[in-house]
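FYI, the numbering just counts along the sequence from 1. Nothing here was measured: the structure is a model prediction, and the numbers come from that model.
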Amino acid sequence: MADEGLVEDFHAQTTPERHIPHPIVFWDETLRDGEQTPGVHFTPGEKLRLATIMSEMGISVINAGIPVVSAEEAEAVRLVAHAGLKAKILAAARTVPGDVDAVARSGATHIAIFVAASNVHLRYKLKMTQDDVLRAATNSVRQAKDAGLHVAFVTEDTVRAPFDFVERLYNAVKEAGADRLVIADTVGIMTPVTFRWYLREFRRRIAPTDWSVHCHNDFGLATANALTALEEGVTSPHVCVNGLGERAGNTPLEELALCLEKVYGVDTGLDLSRIYELSRLVEQISGVPVSATKAVVGYNAFSHEAGIHTHGILAHTLTYEPVQPEVVGRQRRMILGKHTGKAALVEKLKERGMELPDPVLVDLLQRLKASAEKRSKSELEAFLQEYRMLFEQPGMSDADFWKLVDEMGLGAKAS
Ligand code: MN
């Protein structure tokens, strides 16, 4: 395979110090954190459809949701948990007995118990002391273990919490039986360098054997931070298809998987050929469009227009493509436009078995460029206008919200 040549060439001239765990336990959060993307809602049937593909692709753990959120959410978790998928089905719970109970009743074999850890969360959101949190966390872990669940313990905002508290808390839940420890960079403030320090310190103080990271993309560093975590021996990275999730989202599955396989040369155990199919389905069901320039799954990720680039690609795809599009189930696109060169034109004409003399080719090229430069932008502008309106206020419209309030007869009381 031509694309493997690149990785080997690169590895031949570097001696990367990497100890990527094998196997990597991919923990997908699309159905939980991904569904928390503003305006996104998945039906139970949609969750099952997505979970089925993820499981077939080789994702190890799928977070199906938080059963106590609603009756429909509980139904969704039940549906996914009872579908007989190869992936382990996980559901999430706060450190509240009713939440843990709901997970145990859902049929999920895995639970993620979460509570905030940083001072700002404890003081302003939970109004709990560190001792309160520690007590609630250990009680919930014991309750889940007694129910026979595989227990992952998660703190929100782990990296902004005082390290001494993190040490005390994680050692206590480990003692209480937690199977997997999750570190969350909830607001995405880590960099590969600071995260490396953090993870080494965490390992020194807590000595986790099975640990996991939840990275957010507020500064565009989620993938880089997740890779750093794997380099430090973290076994289970959280991912979301298309990088869906709260605010700027989570580590995109497609970026992390492809980078590991093609840049690091690591076997992820994932069927990469279904990545694009899964991405398109998530885009459709979530209603969140993928950016054109998004790595791996963006519309332009395997498109070429510029003359120098298409010429190179036609000579050898490795010139301007680090990976063949077929690897992720995609096709290369050659775009005709202002930047087109002669080589692309010659190639295009072959579709009709045509071979034109050079002067005619030059004439055709000039007409093509002129036409591209004159192309009206009005259609695209109208589309963008509509697109922006849809995303200015995702979720329920103001009109629908106030209608709901009025239907409950609340307006009269307030005034
Ligand atoms: Mn999150």
Side-chain angles (χ1 to χ4, degrees), residues 26 28-43 46-47 49-54 56-57 59 62 188 215-227 237-263 268 270-305 320-335 379-395:
F26 282 90
D28 190 277
E29 283 278 321
T30 310
L31 307 183
R32 202 277 306 169
D33 204 317
E35 202 198 15
Q36 287 172 212
T37 306
V40 173
H41 159 244
F42 298 137
T43 65
E46 287 167 346
K47 285 201 174 187
R49 219 173 137 197
L50 294 173
T52 303
I53 298 178
M54 288 175 200
E56 287 170 1
M57 276 179 66
I59 297 289
I62 298 171
C215 300
H216 270 274
N217 209 27
D218 295 73
F219 293 97
L221 292 169
T223 303
N225 290 336
L227 286 165
H238 286 199
V239 290
C240 278
V241 180
N242 296 344
L244 228 52
E246 303 266 8
R247 307 182 311 281
N250 294 77
T251 308
L253 162 67
E254 60 280 1
E255 287 183 14
L256 188 64
L258 208 67
C259 192
L260 283 165
E261 289 262 357
K262 299 301 172 187
V263 181
T268 58
L270 295 176
D271 177 3
L272 298 180
S273 73
R274 298 191 69 184
I275 280 188
Y276 196 51
E277 172 196 350
L278 180 62
S279 163
R280 294 296 290 261
L281 187 62
V282 167
E283 183 184 49
Q284 188 187 316
I285 290 176
S286 67
V288 179
V290 171
S291 154
T293 52
K294 173 85 173 60
V296 186
V297 293
Y299 282 89
N300 291 347
F302 296 96
S303 298
H304 311 276
E305 178 181 318
Y320 289 106
E321 281 178 355
V323 177
Q324 308 260 320
E326 292 79 9
V327 168
V328 290
R330 297 195 64 174
Q331 306 240 303
R332 175 178 304 111
R333 294 189 311 166
M334 296 297 196
I335 311 297
E379 209 179 306
L380 206 56
E381 277 166 5
F383 164 74
L384 276 176
Q385 182 83 19
E386 206 172 314
Y387 173 95
R388 284 175 181 159
M389 270 169 58
L390 268 171
F391 283 87
E392 289 294 321
Q393 192 182 27

Rounded to the nearest 0.5 Å, how far does [atom2] of [Y] lie from [atom1] of [X]?
X: Phe302; Y: Glu326; atom1: CZ; atom2: CD; value: 8.5 Å
X: Ile335; Y: Asn300; atom1: CD1; atom2: CG; value: 7.0 Å
X: Asp271; Y: Ile59; atom1: CG; atom2: CD1; value: 10.5 Å
X: Thr268; Y: Glu261; atom1: OG1; atom2: CD; value: 3.5 Å
X: Leu50; Y: Thr30; atom1: CG; atom2: OG1; value: 7.5 Å
X: Arg247; Y: Asp218; atom1: CZ; atom2: CG; value: 4.0 Å

4.5 Å side-chain heavy-atom contact, [X] and [Y]:
X: Val288; Y: Asn242; answer: no
X: Asp33; Y: Leu244; answer: no
X: Val328; Y: Val323; answer: no
X: Glu255; Y: Lys294; answer: yes
X: Val241; Y: Glu283; answer: no
X: Ser286; Y: Thr37; answer: no

| task | Search all heavy atoms of Cys215 against all heavy atoms of Ala226 and return the closest pair with its distance. | result |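 Between these two residues, the closest heavy atoms are SG-N, 4.0 Å.
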| task | List the atom of Ala301, the atom of Arg330, and the distance in Å for their closest heavy-atom pair. | result |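 Scanning both residues completely, I find the closest heavy atoms to be CB-NH1, 3.7 Å.
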| How would you list, by chain and number, every residue that makes a salt bridge (charged side-chain N to carboxylate O under 4.0 Å, His left out) with Arg49, sequence neighbours excluded? |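 Scan of Arg49 (salt bridge (charged side-chain N to carboxylate O under 4.0 Å, His left out), adjacent residues dropped) gives none.
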| field | Counterpart residues, side-chain contact (heavy atoms from CB on, under 4.5 Å), relative to Gln36 (two or more places apart) | value |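 Scan of Gln36 (side-chain contact (heavy atoms from CB on, under 4.5 Å), adjacent residues dropped) gives Arg32, Ile66, Glu246.
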